[in-house]
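Inspection log for the structure reproduced underneath, given as structure tokens.
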Amino acid sequence: MRKQKKWNFPAFILSGVFCLSALAGLQKTAAALETDTLVPVGHTIGIKLFSEGVIVIGLAEVDTAGGVSTPGMDCGLQVGDVIEEANGQTVESSEQFAQLIQSGGAVALGVSRNGRDLTLEAMPVLGGDGTYRLGAWIRDSMAGIGTITFYDPATGAFGALGHGITDTDTGLLMPLGDGAVMDATVKAVKPGGAGEPGELRGSFNLTQDMGELYANTDRGVFGVIDSQDFTQADPVPVARSGEVETGPAIIRANVSGDGVEEFSIEIVRVLGGADVQNLLLQVTDPRLIQLTGGIVQGMSGSPILQNGKLVGAVTHVMVNDPQKGYGILIENMLAAAGR
């Protein structure tokens, strides 16, 4: 883990509005997939994620003594590209990449684009501040607050969010280099309204990581976590898709302090499919509506229970009606955990 690395805090969307080593983690989660019971958690966590390489989020002009130059565009870089190597050296951070292009000569860039590996030759130019620049805005990390869906006490494996962490500028799934989860406490709630999504506002304990991430997928983030007080609840059976039905259900959510509470919802429709919008949800609990207006950013991953079984997790809120939203079937979330 790059615990000494500097990282930024862009507000990535964890509620889907608008719409150990990695090997050890995979082995442990594979065991989790074989179990018939999991702990439905519902507690918020802080998440920090470092990308594998640096992501190009924008291309810009560079002012030089000879006029305006566009070296990033000229070499063929595109928004959404992931720069993984520079002159044969692995790119680990934005700061390191800036140093790698200070030689003043051509730089061979190893780039990943839509799953394809490319090599581009860039010629950084000397900017007005005396440093060589590529004319590319890049990002190497993100952080935010979300909710743990399930925990397996037998293995320490967990799943959260029910959807992936995407770059706020490009909308692309962040390629995970490494990441960690931290304890988080909800300090305040900005209630949602029509056309204006709400959010949970929390504080992170930055001094200690509780666990590590090993996967960032389109159906959730997954990792291994040390046992915490909020993971000590009794396991419940895991529902298969054919067992989920329309009608009353509950969600477990942490919308104040450290407490996890249960709130009533209605599963309006079971949509099925393999994406993250499998369940159409309606918040019916008067107290949750009073506290948050419905579903807000940071509640993504809140486990959904019906008939005593874990059936899914909250993933999206409808922008024009925060009392309605979508959820993912737990079956689909677990399938992604084993990737």
Side-chain angles (χ1 to χ4, degrees), residues 14-16 29 32-33 35-45 47 145-164 181 184 186 200 211 217 219-223 225 227-241 243-245 247-256 258-268 270 276-285 288 291-292 294-317 325-337:
L14 288 185
S15 62
T29 301
L33 297 180
T35 187
D36 292 325
T37 62
L38 292 169
V39 174
V41 180
H43 197 282
T44 53
I45 51 170
I47 301 175
I145 190 171
T147 298
I148 295 183
T149 305
F150 67 81
Y151 172 75
D152 182 3
T155 64
F158 77 91
L161 305 189
H163 61 71
V181 294
V186 178
L200 300 180
T217 79
R219 303 182 209 172
V221 298
F222 304 96
I225 192 172
S227 180
Q228 304 289 324
D229 288 343
F230 56 74
T231 64
Q232 300 305 306
D234 293 332
V236 301
V238 174
R240 301 306 171 193
S241 57
E243 299 177 282
V244 186
E245 58 189 20
I250 61 171
I251 61 171
R252 291 175 57 83
N254 174 197
V255 296
S256 178
D258 286 315
V260 176
E261 302 177 68
E262 294 188 348
F263 300 99
S264 60
I265 65 166
E266 185 90 4
I267 298 177
V268 179
V270 180
V276 300
Q277 297 185 15
N278 309 133
L279 305 171
L280 179 60
L281 310 174
Q282 169 82 51
V283 175
T284 57
D285 196 295
L288 183 58
L291 288 171
T292 66
I295 300 169
V296 297
Q297 294 179 35
M299 285 175 62
S300 283
S302 296
I304 305 169
L305 296 102
Q306 186 182 62
N307 300 324
K309 294 185 177 184
L310 176 61
V311 303
V314 175
T315 60
H316 292 69
V317 60
Y326 291 96
I328 183 173
L329 288 166
I330 193 65
E331 195 172 70
N332 286 345
M333 193 172 176
L334 292 176

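Every heavy atom of this structure was used, including side-chain atoms; hydrogens, water molecules and symmetry mates were not.
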For Leu161, the option from Ile47, Ile45, Val276 that meets side-chain contact (heavy atoms from CB on, under 4.5 Å):
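Output: one option passes, namely Ile47.
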With the side chain counted from C-beta on, respond yes when [X] and [Y] share a heavy-atom pair under 4.5 Å apart, and no when they do not.
| X | Y | value |
| --- | --- | --- |
| Leu334 | Phe150 | yes |
| Leu281 | Ile304 | yes |
| Asp229 | Asp258 | no |
| Phe158 | Thr231 | no |
| Val255 | Leu200 | yes |
| Ile328 | Thr149 | no |
| Ile225 | Ile148 | yes |

Residues forming a side-chain contact (heavy atoms from CB on, under 4.5 Å) with [X], sequence neighbours excluded:
| X | answer |
| --- | --- |
| Val39 | Val41, Tyr151, Pro153, Ala233, Pro235 |
| Glu331 | Arg240, Ser241 |
| Glu262 | Ile250, Arg252 |

For Phe230 and His43, take the angle between the two ring planes, folded into 0 to 90°, and tell me which bin it lands in: parallel under 30, tilted 30 to 60, perpendicular over 60.
parallel
Between Val317 and Met299, is a side chain to side chain contact (heavy atoms under 4.5 Å, CB included) present by the stated rule, with each step listed?
CA-CA 10 Å; Val317 60; Met299 285 175 62; over 6 Å; no
Testing the basics here: between [X] and [Y], what is the closest heavy-atom pair and its distance to 0.1 Å?
| X | Y | answer |
| --- | --- | --- |
| Ile330 | Ala239 | CG2-O, 3.5 Å |
| Ala336 | Arg219 | CB-CB, 3.7 Å |
| Ser302 | Ala253 | OG-CB, 3.9 Å |

Strictly by modelled atom types, are Gln277 and Thr315 linked by a side-chain donor-acceptor pair under 3.5 Å?
no
How long is the gap from [atom1] on [X] to [atom2] on [Y], to the nearest 0.5 Å?
| X | Y | atom1 | atom2 | value |
| --- | --- | --- | --- | --- |
| Asp285 | Glu261 | CG | CD | 9.0 Å |
| Ile267 | Gln282 | CD1 | CD | 12.5 Å |
| Leu279 | Glu266 | CG | CD | 12.5 Å |

Any pair counted as salt bridge (Lys or Arg N to Asp or Glu O under 4.0 Å), so long as it reaches residues 295-305, sequence neighbours left out
none
Not counting sequence neighbours, list each pair that qualifies as a salt bridge (Lys or Arg N to Asp or Glu O under 4.0 Å) and has a residue in residues 294-314.
Glu243-Lys309
Check: Thr147 side chain, Thr44 main-chain N or O, donor-acceptor pair, under 3.5 Å:
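Not confirmed, Thr147 side chain does not pair with Thr44 backbone.
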Using atom types as modelled and distance alone, determine if a side-chain donor or acceptor of Thr292 lies under 3.5 Å from a backbone N or O of Leu288.
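Such a contact is found between Thr292 side chain and Leu288 backbone.
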Partner residues of Glu245 under the salt bridge (Lys or Arg N to Asp or Glu O under 4.0 Å) criterion, sequence neighbours left out
none
